[in-house]
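Chain identifiers are assigned alphabetically (A, B, ...) following the order of the sequence lines, protein sequences preceding nucleic acid strands; residue numbering begins at 1 within each chain. Reckoned from all heavy atoms, side chains included, excluding hydrogens, waters and symmetry mates.
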Amino acid sequence: IATEAKVVHMLRERGIAKSSISRDEFLTYAWEWKEKYGGIILQQLKKMGCSLDWDRTSFTMDPHYYESVIGVFNDLYKKGYIYRGKRMINWDVKAKTALSDEEVIFKDTQSKLYFLRYELEGNSGEYITIATVRPETILGDSAICVHPDDERFKHLQGKFAYVPLIKRKIPIIADEYVSMDFGTGALKITPAHDMNDYQLGQKHKLEVIDVLNDDGSMSEAAQLYVGLDRFETRKKIVVDLEAAGHLVKIEDYPNQVGYSERTDVVVEPRLSLQWWVDMKKISGPALNAVVDDDIKFHPAKFKNLYRHWMENIKDWCISRQLWWGHRIPAWYDQEGHVFVAKDEEQAYQLYLQQNPDGKMEDIRQDEDCLDTWFSSWLWPIEVFKGYSNPGNPEIEYYYPTQTLVTAPEIIFFWVARMIMAGYEYKDKKPFEQVYFTGIVRDKQGRKMSKSLGNSPDLLEMIDRYGADAVRFGIMISSPAGNDLLWDESANEQGRNFSNKIWNALKLVKMWEERTPVNYRYNEEESAKAYFAVNWFEARLKQVKTELDQSYDQFRLSEALMTIYSLIWDDFCSWYLEWVKPPYGDETIDEKLIISTKIFFVELMKLLHPYMPFITEEIYHELGERVDGDDLCIALLGSSVSKEADTSILDHGKLLQASITGIRDARNKAQLKPKESIALFVQTESAAPYDIIGDILVKQVNAATMEITSSTIPDAIPAVAGKEKFYLLTSTPMDMGSQKEELKKELEYLKGFLLSVEKKLSNEKFVANAKTEVVDIEKKKKADA
RNA sequence: GGACUGUUAGCUCAGUUGGUUUAGAGCAUUACUUUGACAGAGUAGGGGCCACUGGUUCGAGUCCAGUACAGUCCACCA
């Protein structure tokens, strides 16, 4: 529909009206348009780094696909699942053509609401009053409808009234559809000119009286004003109704009226025969598949929505008043008999069976096209030629696919119908998981759309920030199941991240310039010398486990955040600083540099799906030197276990807390970074400091470190958890600001202690809560 | 109008069967420090009646009901 609208627009700009060219000519233009803009979209996807199989692009109007769509239509028709039924369409009385919904422009209009009274049968002088904005349609009335509970009209139910002017007798019926508080509470039913009226008419078996011709003039069925234009008729009938005493009053009534985009005339709702799919015939397995989690939705909240829709499924109107698309394979003869076939020749053969003397020219094909989703719902099958060439190796290999990624707004249009088609034609689900992305909105919360023109220019953004940065910006702000409020500043974070990674590479490459020293340390020293390596290896394992969990739940932005933090905080801020050779040392331990590069490669692998370009580049930068190295293989082999070493991780935490605490104390005491200190550690367990001591000393610029059992006078105190540190400096320092901080900390802990004690002194809590919970509270108290 | 979903720091969001140190993260912001991987970095800080009102419970951001507001899809009213 969008394509057709765009092509129509393009032609109009060139001064060509759609109505002035043939169907085939129009389609030539449409194909040109498709090639051009389809190509642009593919280029953008490539520029974005989407790793798709570019040799296998597929289109629903490829010849094999087109035939399959027609084949499916024929198949469903034969099975009796497709039928013709009435539907209200938009009719352009000037162009004498049906319009798609997209071609109707609604304008706010100041209309009039006419209150008309209909005389009741038998009791001359008694009336029932209805309200309408289209008085000319009363000539097509089949009934008057009231709410069954409406006391005002209860006595009239089952009686009859006369249509004014033509005195046709119509019943007064009751239906809950009518709202009691609108208008007069009585509704005239005109099945031929209103969809709801039509449905009520079906329900109550009312006559359909079409009072309009296709040019908008009154038809023979109207009895009066025959041949007169609908709006002329409206003026005239109001005068006549007033003269006959039927007009009660006229009120102003603002409403929206649809105009044709093509001819700018008021669109006429018109009943027309359209093609439908009987959904109840095919929806059963598709409902169960999702309800039973055979197909999983992410986020799961859409499951409810899906179930509700499927349980109340309505038949699917598959006709569209368009030229661009799969043309409905139905042919009609002069009498309106239908012949559904795969092509004109076969339709003709069917026609011949009934009309042995018939000619090819006697039948003509349906002008309409199929709803775009009637082709799209075959996607998981026909992309692999699973319908046109069943059982071929590709469909057998790829079907069912694993994950469908799509937008929640097309859950019914596309997802549900693909599942139905999957069970109908493959007897199997088409995919295992469905991941619904957020809807992209701008900062003001508006949906991004072509018509609003509020979409950012992707290529321009890529030029400014880099494709990886743009991808990062999108992914980091795409929490599963929420809309994505697009803000260009997210790109900046991505760009800064790229910079950070690139600089980390620069640092590692600088180290490579140094003289390598092979295995500087012996077995006993290695836990200490390679603590940073052991720690990061453990962190890597730990984070990989977290990532597995995030991915299992399709929490993509969370996974990216985890990787971001692993690289920035753990790798750059901690690990690289820990292994960084001291200033002035021109050598480097070979194990350190190789481990670092292996970690770097591992990190690049983790990040690759999000930022493919920079990770690919760095992988190759590092790869030349890592590949083929025995130590690399040995290191990888040593990390078979997925369990991270928790004691190493604990030591890492202690080291981080110590560094942070001491640095904080240094800052508060306004020590210059270059000023060295003597560090004293007061701790309950000294053992870990054997391992982390060297790094600690380096990171806080200490000349010496000692374990002490008593406080050190005249030193700057620092605290990390239950660890105490004393920083001895050559110059005495003012510790006023630090004291303030510590007082605040103390206040907090006092308050905290109070709240815990309050809880523990509550007898009901101690009596009712689980013992573990009470124990935790007791531990909190002890710690505080 | 129907159905569904949401409402937690300035912004975007976590918070997994109610209890895990008197609510967390990223970004933004503030102060100080630093300039030997980093058009930056380090350290610290500020910022929340967890929409509102009731209820269940020893205990509620978490469960229940209602209200308000927002979003989405569907149907659109003579």
Side-chain angles (χ1 to χ4, degrees), chain A residues 113 130-134 137 145 177-179 182-184 186-190 194-197 253 255-256 299 301-309 312 314 408-413 439 441 443 445 447 476-485 487 489-490 492-493 496 499-511 549 553 555 557-558 560-562 564-565 568 572-573 576-577 580 583 659-661 663-668 670-674 737 741 748-749 751-756 758-759 762-770 772-774 776-777 779-781 783-784:
Chain A
L113 192 57
I130 56 92
T132 178
V133 291
R134 302 194 55 191
T137 62
C145 191
Y177 167 76
V178 179
S179 53
F182 189 92
T184 63
L187 169 68
K188 76 186 198 69
I189 306 295
T190 320
D194 183 284
M195 193 60 210
N196 292 300
D197 288 11
Y253 182 65
N255 65 347
Q256 292 205 317
K301 67 178 179 185
F302 290 115
K303 202 173 138 180
N304 272 340
L305 194 69
Y306 180 88
R307 189 180 55 207
H308 185 265
W309 189 75
N312 299 286
K314 292 190 177 120
E409 64 247 56
I410 54 176
I411 183 168
F412 307 128
F413 292 136
I439 295 166
R441 305 174 165 280
K443 251 180 148 175
K447 227 160 145 172
I476 201 73
S477 49
S478 305
N482 287 310
D483 286 356
L484 196 169
L485 263 82
D487 183 354
S489 67
E492 286 176 26
Q493 199 185 345
N496 290 347
N499 262 340
K500 184 78 183 175
I501 297 169
W502 197 252
N503 279 307
L505 177 72
K506 202 166 120 192
L507 177 69
V508 174
K509 295 210 130 194
M510 273 169 57
W511 293 349
Q549 287 165 3
Q553 298 168 61
R555 309 179 85 147
S557 68
E558 217 163 275
L560 176 55
M561 194 61 226
T562 303
Y564 174 82
S565 168
W568 198 303
C572 292
S573 298
L576 288 179
E577 294 297 329
K580 190 185 268 181
Y583 187 57
I659 293 170
T660 306
R663 276 183 183 164
D664 186 29
R666 289 187 63 122
N667 275 335
K668 295 271 160 51
Q670 295 188 297
L671 272 187
K672 292 269 175 259
K674 280 176 186 153
S737 68
E741 288 293 323
Y748 171 84
L749 284 169
F752 175 68
L753 182 61
L754 213 65
S755 77
V756 176
K758 202 173 153 191
K759 213 169 187 179
N762 182 346
E763 282 171 31
K764 284 181 180 172
F765 169 71
V766 180
N768 289 316
K770 284 182 261 180
E772 304 98 83
V773 175
V774 178
I776 288 166
E777 291 302 315
K779 184 172 186 302
K780 282 188 197 172
K781 185 180 169 181
D783 286 352

Find every protein N or O atom lying less than 3.5 Å from an N or O atom of nucleotides 29-36 of chain B, and list the pairs.
from: B:rG36; atom 1: O6; to: A:Y583; atom 2: OH; distance (Å): 3.0
from: B:rG36; atom 1: N1; to: A:Y583; atom 2: OH; distance (Å): 2.9

Counting only side-chain heavy atoms from C-beta out, which of [options] sits nearest to [X]?
X      : options                : answer
A:V773 : B:rG19, B:rA41, B:rA78 : B:rG19
A:F412 : B:rC73, B:rG19, B:rC27 : B:rC73
A:V178 : B:rA78, B:rU20, B:rC27 : B:rA78
A:K500 : B:rA37, B:rC58, B:rC27 : B:rA37
A:F413 : B:rG42, B:rC74, B:rA14 : B:rC74
A:T660 : B:rU43, B:rG26, B:rA37 : B:rU43
A:E577 : B:rG15, B:rA37, B:rG19 : B:rA37
A:I776 : B:rU43, B:rA37, B:rU20 : B:rU20

Remember a base hit wins even if backbone is also touched, and classify [X] as base, sugar-phosphate or nothing at under 4.0 Å, heavy atoms.
X      : answer
A:K779 : base
A:W511 : nothing
A:N499 : nothing
A:S565 : nothing

Complementary nucleotide of B:rU7, counting Watson-Crick and G-U pairs under 3.5 Å: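 Paired with B:rA68.
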B:rU30: pairing nucleotide in any strand, Watson-Crick or G-U under 3.5 angstrom: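 WC or wobble partner is B:rA44.
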Residue met sooner reading RNA chain B from 5', once A:A504 and A:L305 are mapped to nucleotides: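 In this pair, the answer is A:L305.
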Upstream residue (5' side of RNA chain B) when A:Y564 and A:N762 are each assigned their closest nucleotide: A:Y564
For A:N768, side-chain contact (heavy atoms from CB on, under 4.5 Å) partners two or more places apart: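 Residues passing side-chain contact (heavy atoms from CB on, under 4.5 Å) with A:N768: A:K764.
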Under-3.5 Å donor-acceptor pair between A:E492 side chain and B:rA28 base: no
